[in-house]
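What follows is a short report on a single structure.
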Amino acid sequence: MEIEEPQILLEETFYVLSKKSDTFKVRLTPKGLHLIQDPLKEQLVLLKDIIGCQCLRGKKRSTRNNCTCQSLPRSDSLQVVEENSSEKDDTDVSAYLYIYAYIFQGPKKRERNIITLRFRSFDKHEDNHKEAQRWRCAIKNLIKGEPLSNLNESKHRETRRLLVLCNPKSGAGKGKQIFQQKVAPILNEAEIPYDLYVTKHFNFARDFVRCNNLFQWTEIIAVGGDGIVFEIINGIFERPDWAQIIKSIPIGVVPGGSGNGLARSIAHHSAEPYLPAPTLPAALAAVRGTSESMDLVRVETVSQIVYSFLSIGWGLLSDIDIESERLRVLGGTRFTVWSLARLIGLRSYKGKLWYLPASTVPVSYNSINSEREGSTLDFPAEIHLETEEGRPRVDSWYSAHSRRSAYFSTGGSSYQSTTDSGLGDGDLPSTVTNRRMYGPAPQLPSVTAPLPENWKCIEGRFVMVHASYQTHLGEDCLFAPEARLNDGRIWLLIVKHGASRSQLLQFLLGLTTGAHANENRDASSYIELIPVNAFRIEPDMGQNGYITVDGEHVEYGPIQAEIFPELARVMVP
Ligand SMILES: Nc1ncnc2c1ncn2[C@@H]1O[C@H](COP(=O)(O)OP(=O)(O)OP(=O)(O)O)[C@@H](O)[C@H]1O
């Protein structure tokens with residue numbers, strides 16, 4: 001069978017310095033950028049791995065430390081500036097096109113690669129710039145899935161604008177740093193504009209989302225832990241126009257907290273490598289603008305309604321979550337330390353648990369890839385190629401830079417704005433009790449009313465009841481391996497009183513890998529993991545304890561939960 005060649009949209013021949021005889025044919029097709037050294041050696045940078053490209057100009061060389069006999073520009077000293085910079089080198093008529101791609105280096109790691117194309121076939125910079133600009137427009141349009149009709153347009157119109165809400169206190173207190181060092185450079189490479197707001201206090205993000213015109217942004221990016229995502233989602237449900245916003249403005253999450261359950265679950269869902277660069281999947285999702293639907297759970301207690309995307313807990317895991325707050329400075333390690341402490345002083349809680357077993361067979365989700373398709377290159381992290389000059393070629397070059405090379409400055413770019421405050425001074429955060437929640441109509445009776453007879457009930461003592469609708473509760477807690485972002489199921493884990501400490505230790509260790517979910521258990525087992533559509537917990541009020549929703553502490557007392565499939569949208573890489 002003949003393999004169909006992709007349509008060639010642009011093609012040019014470029015040269016490499018160190019091997020003067022080496023020519024590269026560079027081709028742009030709807031599949032990506034083909035670097036063809038000879039017909040047998042072709043490498044493809046897939047379009048979905050390219051995040052953006054910029055036209056730049058050679059920078060004036062400093063005369064200091066310049067060796068007079070050195071006539072060739074060395075690649076490692078190449079410096080470029082923006083087209084309109086006063087520092088541009090007027091003697092260099094070339095136009096440089098920087099193409100930024102995040103490419104798999106082995107199955108579990110993506111790294112940044114830069115492909116530089118130097119256009120210098122024409123005698124005037126304007127003509128070389130025009131040529132580079134044609135390539136830039138074509139690449140940008142392909143990335144966005146737009147038609148390639150206007151390749152000579154000098155400006156590419158960006159229709160997206162991100163709202164970034166960053167919690168400076170999340171996790172080890174590095175939220176702002178994480179955004180500025182790991183995410184902003186990638187947004188700048190992709191030329192995606194954003195407005196950054198740094199949260200000032202508890203519920204700042206919730207009130208910001210409730211009070212502002214959100215339609216000026218196309219997506220909302222949370223930088224922090226699951227707490228900031230919880231605030232954003234619940235802020236949306238405090239708006240009368242919640243239905244429009246929750247469906248049309250996807251939420252992205254850049255992990256900066258100590259738990260990061262949602263960020264980890266999204267990376268797992270997309271089979272994107274998470275460690276050692278957990279912010280990369282989120283940054284790639286933000287530049288690509290791709291999103292998927294996600295289930296939300298409506299949670300009702302006696303005094304409030306909230307919308308949850310991650311978990312509800314009563315007993316052991318919630319005790320660990322809340323009581324380990326005092327060890328915040330340890331980051332994620334606080335959970336391990338406190339788990340051991342809680343196992344030694346094991347508690348159990350008396351109460352009733354009702355649940356409605358999941359009725360539907362989950363759809364098979366083809367979007368889950370066990371292995372992710374992506375480009376892999378034999379080239380170094382930076383490859384510089386240039387066209388032939390009108391005059392004899394003397395200064396071609398090729399070089400390899402470290403993958404950790406510094407980001408090129410796009411100083412003066414209008415793509416970045418930083419604002420410290422989002423709410424006026426008069427906008428005081430509202431308290432839990434005076435919040436009015438909107439949202440879809442519940443199918444369940446109220447939390448204090450009797451339940452229908454088809455619900456199952458367990459009465460007794462529990463070490464814990466914990467529910468999740470995501471695979472991961474935290475970066476290293478694979479709680480429900482079979483869960484999907486949008487499977488319409490709540491995964492209910494029940495640990496009854498009577499389980500031995502060694503069983504519990506085994507269970508807690510299994511949470512890191514998901515092994516706890518694979519164990520064969522009979523009906524008399526103390527530990528069960530059941531998919532349900534809804535549940536209710538009624539703790540015995542003679543004893544105190546903690547109940548958490550998405551890791552946030554809520555009042556101790558009756559609580560019920562009901563899943564609403566595919567209610568929200570989240571950004572996925
Ligand atoms: N400037 C601030 N000062 C103090 N607290 C803040 C500030 N901004 C936000 N918060 C609160 O910090 C809490 C925790 O935030 P977040 O979830 O981002 O981090 P985390 O708790 O470390 O992560 P995780 O929830 O994943 O464990 C949230 O409830 C949020 O309201």
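Computed from heavy atoms alone, side chains included, the values below leave out hydrogens, waters and symmetry copies. Both ligands and their constituent atoms are indexed starting at 1 by order of listing. If you're wondering where the values come from, they're calculated on a predicted model, not measured in any experiment.
Between G225 and ligand 1, at least one N/O pair is under 3.5 Å apart. Checking only distances, K169 never comes within under 3.5 Å of ligand 1, N or O to N or O. Remark: ligand 1 and G171 share an N or O pair separated by less than 3.5 Å (distance only, no angle test). At least one N/O-N/O distance between G259 and ligand 1 falls below 3.5 Å.
For H553, the ring pair (Phe, Tyr, Trp, His ring centres under 6.0 Å) partners two or more places apart in sequence, or in a different chain, are Y546.
Residue pairs meeting the ring pair (Phe, Tyr, Trp, His ring centres under 6.0 Å) criterion with at least one member in residues 159-185, sequence neighbours excluded: F179-Y194.
A donor-acceptor contact closer than 3.5 angstrom links the side chains of D550 and S308. Looking at Y349 and D319, their side chains do bring a donor and an acceptor atom within 3.5 Å of each other.
Ligand 1 places these atoms under 4.0 Å from at least one heavy atom of S170: 16 (P), 18 (O), 19 (O), 22 (O). For ligand 1 and N260, the ligand atoms under 4.0 Å from any heavy atom of the residue are 26 (O). Near E552, the atoms of ligand 1 lying under 4.0 angstrom from a non-hydrogen atom of the residue are 29 (O). Heavy-atom proximity to K200, at under 4.0 Å, picks out these atoms of ligand 1: 1 (N), 2 (C), 3 (N). Annotation for ligand 1: atoms under 4.0 Å from non-hydrogen atoms of G224 are 18 (O).
For R264 and Y274, the positive end sits near the middle of the six-membered ring, less than 6.0 Å away and at most 45° from its axis.
For N167, every heavy-atom contact with ligand 1 shorter than 4.0 Å involves the side chain, none the backbone. Residue contacts with ligand 1, taken as heavy atom pairs separated by less than 4.0 Å, involve N203 solely via the backbone atoms N, CA, C and O. For E231, every heavy-atom contact with ligand 1 shorter than 4.0 Å involves the side chain, none the backbone.
Here the options are Y307, F564, F237, the test is ring pair (Phe, Tyr, Trp, His ring centres under 6.0 Å), and the partner is W242; only F237 passes.
By the 4.5 Å heavy-atom criterion applied to side chains, L492 and L353 are counted as neighbours. D295 has its side chain within reach of E566: a pair of non-hydrogen atoms, C-beta onward, lies under 4.5 Å apart.
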